[in-house]
K.L.:
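Structure in structure tokens, see below.
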Amino acid sequence: MAFSSILRWLKSKSHHDKEYENMKRYLIVGLGNIGPDYVGTRHNAGFMTVDVLAQRAGAAWISCRYGDMAMVKVKNCELMLLKPSTFMNLSGVAVRYWMNHEKLPLENLLVVVDDLALPFGTIRLKQRGSDGGHNGLKNIASELGNTNYARLRIGVGNEFTRGHQIDFVLGTFTPDEKKKLPAILDKAADCVQAYCLSGPAFAMNHFN
């Protein structure tokens, strides 16, 4: 489905579907880099998480403006899953465009991102905060004009020597980590759903 087609779908749902009008709508942005060279890398933990959410619902990814999008319905919530095609350092361009296009408030945005400061496999949900040196979060804050948006951080470890941080985040997980990764991504996906269905306080209490 082309970009124009998904816009027509969104417009149709917005104006004619009464059930849709009563649903809570969220933009769930998984951060990462597009292209085969980046598949499975630590920096793409956000992409991997929204992939799990799409797979659970049997939702197809559609090429849209500034990224790929999949629509997922979970009970009374619609999750607009987005994988920006702008590359990590310009993630905010895609986020700002879709937030404005769908007229969503900041509390309906959740960004899923890799984090070097957390041990591998740890997840942390926060309602706001600094970018922590992450270029994707830094650009989102710049484009939105503030840092008052929720982010789910996925720990990817920090086993790298000085000066090799970029090589580490753009590298793949170890064989042992790959075995554990599906369970971690499932937990992260569960946290996203809990955030949307039950609110940030519930999600933080149960998953942090």
Side-chain angles (χ1 to χ4, degrees), residues 1-35 43-47 49-51 53-54 57 59-114 125-132 134-153 189 191-193 195-197 199-200 203:
M1 188 182 295
F3 173 69
S4 58
S5 298
I6 196 169
L7 289 186
R8 286 195 298 270
W9 183 87
L10 288 168
K11 184 177 181 180
S12 172
K13 298 289 283 185
S14 297
H15 289 86
H16 302 296
D17 192 326
K18 294 299 182 183
E19 179 186 3
Y20 177 79
E21 290 176 0
N22 294 324
M23 293 178 72
K24 294 187 292 185
R25 302 172 60 232
Y26 292 88
L27 179 63
I28 311 299
V29 185
L31 297 192
N33 288 308
I34 61 171
H43 225 18
N44 276 26
F47 274 16
T49 301
V50 292
D51 276 335
L53 288 163
W61 289 100
I62 302 165
S63 180
C64 296
R65 185 166 295 177
Y66 298 128
D68 289 343
M69 183 172 286
M71 301 296 184
V72 171
K73 181 180 177 182
V74 182
K75 295 185 179 179
N76 67 327
C77 294
E78 184 180 64
L79 280 52
M80 298 174 59
L81 309 178
L82 176 65
K83 294 192 291 187
S85 58
T86 54
F87 287 97
M88 186 66 80
N89 292 3
L90 293 176
S91 299
V93 174
V95 174
R96 179 173 56 82
Y97 174 83
W98 283 105
M99 289 292 289
N100 290 340
H101 186 275
E102 294 304 304
K103 299 179 175 60
L104 295 174
L106 271 182
E107 57 264 30
N108 289 39
L109 168 66
L110 176 58
V111 177
V112 188
V113 61
D114 62 290
L125 176 66
K126 295 183 66 178
Q127 288 184 268
R128 60 187 59 84
S130 69
D131 57 59
H134 193 286
N135 288 333
L137 296 182
K138 187 178 299 183
N139 187 249
I140 292 172
S142 174
E143 290 289 336
L144 296 182
N146 66 73
T147 60
N148 295 325
Y149 61 88
R151 70 285 309 273
L152 176 60
R153 301 182 296 149
C191 183
V192 171
Q193 291 185 344
Y195 177 87
C196 298
L197 292 171

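This one's a predicted model, so the numbers in the text were calculated from it and none came from an experiment.
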K.L.:
Got a donor-acceptor contact below 3.5 angstrom from the Asn44 side chain to the Gly32 backbone?
P.N.:
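Judged by distance alone, no pair lies under 3.5 Å.
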
K.L.:
Leu110 and Leu125: which non-hydrogen atoms are nearest, and at how many Å?
P.N.:
CD1-CD1, 3.7 Å

K.L.:
Under 4.5 Å between any side-chain heavy atoms of Tyr149 and Gln127, yes or no?
P.N.:
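In short, these two side chains do not touch, never coming nearer than 4.5 Å.
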
K.L.:
Apply the test side chain to side chain contact (heavy atoms under 4.5 Å, CB included) to residues Ile28 and Leu82: give CA-CA distance (whole Å), side-chain angles for both, the deciding distance (0.1 Å), then the verdict.
P.N.:
CA-CA 6 Å; Ile28 311 299; Leu82 176 65; over 6 Å; no

K.L.:
About how many Å separate NE2 of His101 and NZ of Lys103, when rounded to the nearest 0.5 Å?
P.N.:
7.5 Å

K.L.:
Short question: side chain of Lys24, backbone of Cys196 - any donor-acceptor pair under 3.5 Å?
P.N.:
yes

K.L.:
Check the pair Val95 / Glu143 against side chain to side chain contact (heavy atoms under 4.5 Å, CB included), numbers first and verdict last.
P.N.:
CA-CA 8 Å; Val95 174; Glu143 290 289 336; over 6 Å; no

K.L.:
Heavy-atom distance under 4.5 Å between the side chains of Lys73 and Met23, does that happen here?
P.N.:
yes

K.L.:
If you measure from the Lys or Arg side-chain nitrogens to the Asp or Glu carboxylate oxygens, is any gap between Glu102 and Arg25 under 4.0 Å?
P.N.:
yes

K.L.:
What I'd like to find out is whether the side chain of Leu104 reaches to under 4.5 Å of the side chain of Leu109, using heavy atoms alone.
P.N.:
no

K.L.:
Determine yes or no for a side-chain-to-main-chain donor-acceptor pair under 3.5 angstrom, with Tyr195 supplying the side chain and Ala203 the backbone.
P.N.:
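No, Tyr195 side chain to Ala203 backbone: no donor-acceptor pair under 3.5 Å.
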
K.L.:
For side chain to side chain contact (heavy atoms under 4.5 Å, CB included), just list the numbers for Val111 and Leu31, CA-CA rounded to whole Å, side-chain angles, deciding distance to a tenth of an Å, and then say yes or no.
P.N.:
CA-CA 7 Å; Val111 177; Leu31 297 192; 3.7 Å; yes

K.L.:
Can you give me the closest heavy-atom contact between Val29 and Val50, atom names plus distance?
P.N.:
C-CG1, 4.5 Å

K.L.:
Are any of the side-chain nitrogens in Arg153 or Asp114 under 4.0 Å away from the carboxylate oxygens of its partner?
P.N.:
no

K.L.:
For Tyr26 and Met80, what are the C-alpha separation, side-chain angles and deciding distance, and is it a side chain to side chain contact (heavy atoms under 4.5 Å, CB included)?
P.N.:
CA-CA 6 Å; Tyr26 292 88; Met80 298 174 59; over 6 Å; no

K.L.:
When you measure from the side chain of Arg151 to the backbone of Ser130, do you find a donor-acceptor pair of N or O atoms at a distance under 3.5 Å?
P.N.:
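Such a contact is found between Arg151 side chain and Ser130 backbone.
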
K.L.:
With sequence neighbours left out, write down each residue that passes side chain to side chain contact (heavy atoms under 4.5 Å, CB included) with Asn89, or none if nothing qualifies.
P.N.:
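Residues passing side chain to side chain contact (heavy atoms under 4.5 Å, CB included) with Asn89: Asn135.
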
K.L.:
What are the two closest non-hydrogen atoms of Val72 and Ala54, and how far apart are they?
P.N.:
CG2-CA, 4.2 Å

K.L.:
Any idea which heavy atoms bring Trp61 and Asp68 closest together, and the distance?
P.N.:
CZ3-O, 3.5 Å

K.L.:
Fit a plane to each ring of His134 and His43, take the angle between them on a 0 to 90° scale, and name the class: parallel (under 30°), tilted (30 to 60°) or perpendicular (over 60°).
P.N.:
tilted

K.L.:
At what distance, to the nearest 0.5 angstrom, does CG of Leu27 lie from CH2 of Trp98?
P.N.:
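Between Leu27 CG and Trp98 CH2, I get 9.0 Å after rounding to 0.5 Å.
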
K.L.:
Could you list the residues that satisfy ring-ring contact (aromatic ring centres under 6.0 Å, His included) with Phe47, not counting sequence neighbours?
P.N.:
none

K.L.:
Roughly how far apart are Leu106 CG and Arg128 CZ, rounded to 0.5 Å?
P.N.:
10.0 Å

K.L.:
Would you say Ser85's side chain and Gly67's backbone share a donor-acceptor pair under 3.5 angstrom?
P.N.:
yes

K.L.:
Working to the nearest 0.5 Å, report the span between CE of Met99 and CD1 of Ile140.
P.N.:
10.5 Å

K.L.:
Closest approach of Thr86 and Tyr66, non-hydrogen atoms and distance?
P.N.:
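Shortest heavy-atom separation between Thr86 and Tyr66 comes out as CG2-CD2, 4.0 Å.
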
K.L.:
Provide the closest heavy-atom pair for Thr147 versus Gly129 in the form atom of the first, atom of the second, distance.
P.N.:
CB-O, 3.1 Å

